[in-house]
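Contents: one structure, followed by commentary.
Start at 1 with the first residue, then count along the sequence. Bear in mind the structure is a predicted one, so any value in this text is a computation, not a measurement. Order of appearance sets the numbers: ligands from 1, and atoms from 1 within every ligand.
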Amino acid sequence: MNEEQAKERILELREMLEKYNYEYHVLDKPSVPDAEYDQLMKELIELENNHPELHDEHSPTSRVGGAVLDFFEKVEHTVPMLSLGNAFNDQDLRDFDRRVRDGVGSNVTYVAELKIDGLAVSLTYQDGRFVRGATRGDGTIGEDITNNLKTIRSIPFKLKEDVMLEVRGEAFMPKKSFQKLNAHREEEGQELFANPRNAAAGSLRQLDPKIAASRNLDIFLYGVGKLEGHSVDSHDESLTYLSHLGFKTNPEWKKCANIEEVIEYVNSWQEKRPDLPYEIDGIVIKVNSLYQQEELGFTAKNPRWAIAYKFPAEEVVTKLEGIELNV
Ligand SMILES: CC(C)(C)c1nc(N2CCN(c3ncccn3)CC2)c2cc(C(N)=O)c(N)nc2n1
């Protein structure tokens with residue numbers, strides 16, 4: 001094929017592969033068999049190698065990891081990534097609810113979300129294209145890990161709308177991937193990761209993105225930092241909008257009319273937690289109205305409009321060689 005046809009085919013393959021990638025990794029509903037996806041990817045890699053002048057950092061081929069870095073650049077978060085106050089029992093949640101209602105009156109609804117046990121990250125999009133990804137760091141200064149985050153297949157390179165957006169989420173390693181990774185490390189006589197959170201953090205701190213690409217990481221987005229080109233009035237609307245843009249949001253969130261419904265949700269998920277394919281360490285509860293969030297504001301370091309209910313650490317049965325210790 002000539003130059004013009006090659007260019008056309010490259011652009012066509014990029015569109016197709018991005019769409020198939022979205023169906024598989026965000027919707028979990030692939031429309032083509034893996035073999036067809038792999039065949040198309042192989043064709044695109046070949047065509048791009050023969051046409052370096054058509055290089056595009058947002059091509060689906062750049063998901064497999066690019067150049068090895070010497071270090072990570074520091075990044076300042078335009079909107080600081082806050083931390084969360086904790087609740088440990090129902091009374092703490094009722095106290096939180098009372099403080100909220102003292103602040104904004106009794107007409108308040110909440111959104112409850114699973115608290116994914118991973119690594120908090122922030123993704124920046126300009127004109128709807130992924131331009132940078134960073135760790136939370138200390139909430140103000142994080143590390144630029146764009147190259148590694150690009151290997152997470154559920155992170156869209158191009159959004160459904162050309163908005164300027166800074167979105168927050170939790171990168172994590174699914175339980176099955178964690179077990180496979182540690183089994184492999186055990187065979188190789190390497191040190192094991194203690195838990196999926198450490199494995200995800202360790203993978204995203206690798207200077208070689210090919211390592212991150214091999215770790216089957218995933219992400220759920222849960223909050224908007226900066227947003228230009230669209231406006232929302234409530235948190236549940238933000239989650240719906242993020243999903244509309246093409247982001248993977250956790251499907252288990254629930255709008256609760258009052259704190260009693262929140263307590264029900266918390267107790268139900270404390271039971272169902274072991275059945276999830278990823279680890280959670282609690283539930284995050286947020287005042288739904290963004291206007292009321294503004295009114296409530298922040299303490300020195302936490303929002304007054306959100307709290308994290310922490311589950312007790314899961315019992316661990318340590319099995320040494322033949323000896324069973326119930327800890
Ligand atoms: C936007 C707010 C501040 C309300 C917020 N903050 C969160 N976090 C803050 C503390 N973080 C943190 N991380 C490290 C050290 C200190 N704090 C880790 C993220 C949230 C984490 C999750 C999750 N994990 O699934 C979630 N569904 N919603 C969150 N929402």
Any side-chain donor near an acceptor of the partner, Glu46 and Asn50, under 3.5 Å = no
key: Pairwise side-chain contact, Leu93 with Tyr309, heavy-atom cut-off 4.5 Å (strictly under)   = yes
message = Testing the 3.5 Å rule here: is there a donor-acceptor pair between the side chains of Glu57 and Ser62?
response = no
message = Pairing donors with acceptors under 3.5 angstrom, does anything connect the side chains of Glu161 and Tyr125?
response = no
query = Does one side chain, of His235 or Glu113, offer a donor that lies under 3.5 Å from an acceptor on the other?
reply = yes
query = Is the closest side-chain donor-acceptor distance between Thr135 and Glu143 under 3.5 Å?
reply = no
message = I'd like the residue list for ligand 1, meaning every protein residue with a non-hydrogen atom under 4.0 Å from the ligand.
response = Leu82, Ser83, Leu84, Glu113, Leu114, Lys115, Ile116, Ala120, Arg136, Glu170, Tyr222, Val284, Lys286, Trp305, Ala306
